[in-house]
Amino acid sequence: MPRTLTTTFAALLAASVFTTPAIAAQCGNTSAGYNAWKAAFAKEAKRAGVGKRGLAALAGTSYAKRTIAADRNQKSFHYSLAKFMKIRGSDTIVAQGRRRIAKNPAFYASLEKKYGVPAAVLVAIHGMETGFGHFMGDSNVVSSISTLAYDCRRTDFFVPHAIAALKLVDRGTLSANSIGARHGEMGHTQFLPGNALKYGVDGNGDGRIDLNNMVDALATTANYLRGKGWKPGKGYQEGQPNFRVIGEWNAATVYQKAIAIMAGRIEG
């Protein structure tokens with residue numbers, strides 16, 4: 001049976017982007033109920049502070065079948081560490097990561113000085129997520145994240161990110177036509193909208209946050225890791241203090257281990 005989202009009035013008063021709105025829209029497991037959900041969710045979004053541009057973007061969304069297919073078929077996180085690293089191209093990421101740092105050492109040093117996160121960790125994430133920006137997705141961000149908010153499988157997790165995406169449209173960080181990954185992740189390091197809203201940084205100083213810009217994306221990545229408790233100068237391999245923070249980036253153990261190993265190899 002489909003389930004609904006509820007929250008207390010008191011919680012609504014204290015609502016933030018990560019608080020589920022009151023009087024929930026009905027989730028579903030097929031495309032049949034999406035338009036009805038969209039109309040109900042628009043009321044929730046408006047109560048949560050989403051403006052006209054965000055609501056118009058929501059109204060223009062469609063049920064993202066490829067997103068649902070991808071969400072049901074995340075096989076790679078069940079691979080062994082060795083197989084996972086092979087299919088993700090760890091040797092290539094390490095080699096290219098070293099070259100990228102060597103080509104622009106001052107930039108990466110400035111990030112580490114400001115946020116405390118080593119360049120090797122940032123480039124390992126950058127390489128893992130998008131092949132250093134070579135593929136940042138092929139799906140409409142607002143439709144993808146809205147579809148996942150509607151889908152009953154992980155409604156509670158994705159509803160706040162859908163609200164955040166609409167707020168990012170209001171702010172001009174996203175548009176109704178923005179393209180990202182099939183789970184609604186955006187930019188060079190694939191930020192979910194709620195995290196982009198909270199941790200987004202204008203790294204290049206042009207007055208806007210654009211996660212398709214590498215400088216903004218890497219500064220935002222470093223800011224996120226710092227915000228999650230990164231301890232400057234402490235280790236990040238398994239069993240060391242900052243390994244837990246890598247877990248805040250991705251919950252899959254095989255992913256966490258791969259990032260730590262690749263970053264260690266990049267550092268040499």
Side-chain angles (χ1 to χ4, degrees), residues 5 7 11-22 25 37-62 64 67 111 114-115 125-126 129-130 133 136-150 157-228 248-249:
L5 301 175
T7 188
L12 178 60
L13 292 178
S16 69
V17 67
F18 288 103
T19 302
T20 302
W37 173 88
K38 202 165 56 167
F41 188 63
K43 297 176 182 178
E44 297 183 20
K46 187 174 182 179
R47 285 193 296 269
V50 174
K52 290 182 180 180
R53 286 200 296 180
L55 294 174
L58 174 64
T61 62
S62 57
T67 287
L111 290 178
K114 185 170 184 177
Y115 299 104
I125 290 172
H126 192 192
E129 293 290 349
T130 64
M136 295 189 282
D138 59 4
S139 301
N140 181 280
V141 171
V142 183
S143 285
S144 295
I145 205 71
S146 296
T147 297
L148 290 166
Y150 160 72
F157 178 79
F158 282 108
V159 160
H161 288 294
I163 294 290
L166 303 181
K167 290 184 176 181
L168 289 171
V169 172
D170 284 333
R171 294 183 181 189
T173 302
L174 280 178
S175 77
N177 299 316
S178 290
I179 299 299
R182 292 187 183 177
H183 283 76
E185 307 98 328
M186 305 175 291
H188 278 264
T189 54
Q190 302 287 272
F191 266 87
L192 283 168
N195 295 330
L197 186 66
K198 184 173 182 179
Y199 295 102
V201 172
D202 173 18
N204 65 2
D206 67 354
R208 63 187 297 265
I209 297 169
D210 177 10
L211 297 181
N212 288 329
N213 174 276
M214 188 194 76
V215 176
D216 286 7
L218 292 184
T220 297
T221 304
N223 189 44
Y224 174 90
L225 294 172
R226 180 179 68 174
K228 292 296 183 178
E248 295 287 342
W249 183 268

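On a predicted model such as this, the values are computed, not experimentally measured, just so you know.
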**Q.** salt bridge (Lys or Arg N to Asp or Glu O under 4.0 Å) partners of residues 174-191, not counting sequence neighbours, each pair once
**A.** D138-R182
Q | Value rounded to 0.5 Å, distance of OG1 in T221 from CD1 in I125 | A | 6.5 Å
Q: Mind listing the closest non-hydrogen atom pair of V50 and I163 along with its distance?
A: CG2-O, 4.0 Å
Q: Applying side-chain contact (heavy atoms from CB on, under 4.5 Å), run through K228 and W249 and close with a yes or a no.
A: CA-CA 9 Å; K228 292 296 183 178; W249 183 268; over 6 Å; no
Q: Just do the side-chain contact (heavy atoms from CB on, under 4.5 Å) check on D202 and D216 with the steps written out, would you?
A: CA-CA 5 Å; D202 173 18; D216 286 7; 3.8 Å; yes
**Q.** side-chain contact (heavy atoms from CB on, under 4.5 Å) assessment of L168 paired with M186
**A.** CA-CA 12 Å; L168 289 171; M186 305 175 291; 4.0 Å; yes
Q. Quick one: OH on Y199 to CZ on F191, what's the gap to the nearest 0.5 Å?
A. 9.0 Å
Q: For D170, enumerate each residue passing the side chain to side chain donor-acceptor pair (under 3.5 Å) test, keeping only those at least two apart in sequence or located in another chain.
A: none
Q: Kindly compute the distance separating NZ (K38) from OH (Y150), expressed to the nearest 0.5 Å.
A: 11.5 Å
Q.
As an exercise, state the distance from CD1 of I145 to CG of N140, rounded to the nearest 0.5 Å.
A. 11.0 Å
**Q.** Least distance between heavy atoms, S144 atom then S139 atom
**A.** OG-CB, 3.5 Å
(Q) How close do A57 and V142 get, counting heavy atoms only, and between which atoms? (A) O-CG1, 4.1 Å
Q.
Parallel, tilted or perpendicular, judged at 30° and 60°: which one describes the rings of F41 and W37?
A. parallel
Q.
Run the side-chain contact (heavy atoms from CB on, under 4.5 Å) test on L218 and H188 for me, step by step, so that the C-alpha distance in whole Å, both residues' side-chain angles and the decisive distance to 0.1 Å come before the verdict.
A. CA-CA 8 Å; L218 292 184; H188 278 264; 5.7 Å; no
Q. Do the non-hydrogen side-chain atoms of T189 and T220 ever get within less than 4.5 Å of each other?
A. no
(Q) Is it the case that the side chains of T61 and S146 hold a donor-acceptor pair, with the cut-off being a distance below 3.5 Å and no angle test? (A) no
Q: State which residues pass side chain to side chain donor-acceptor pair (under 3.5 Å) with S178; sequence neighbours excluded, sorted by chain then number.
A: S175
Q) OG1/T130 to CD/Q190 distance, rounded to the nearest 0.5 angstrom? A) 6.0 Å
Q. Between atom CG of L197 and atom NZ of K167, what is the distance when rounded to the nearest 0.5 Å?
A. 6.5 Å
Q: Only counting residues at least two apart or in another chain, list the ones meeting salt bridge (charged side-chain N to carboxylate O under 4.0 Å, His left out) with R208.
A: D210
(Q) Under the rule for side chain to side chain donor-acceptor pair (under 3.5 Å), what residues qualify as partners of T147, not counting sequence neighbours? (A) none
Q | Residues that R53 engages under side chain to side chain donor-acceptor pair (under 3.5 Å), provided they are two or more places apart | A | none
Q. What are the two closest non-hydrogen atoms of L192 and H183, and how far apart are they?
A. CD2-O, 3.4 Å
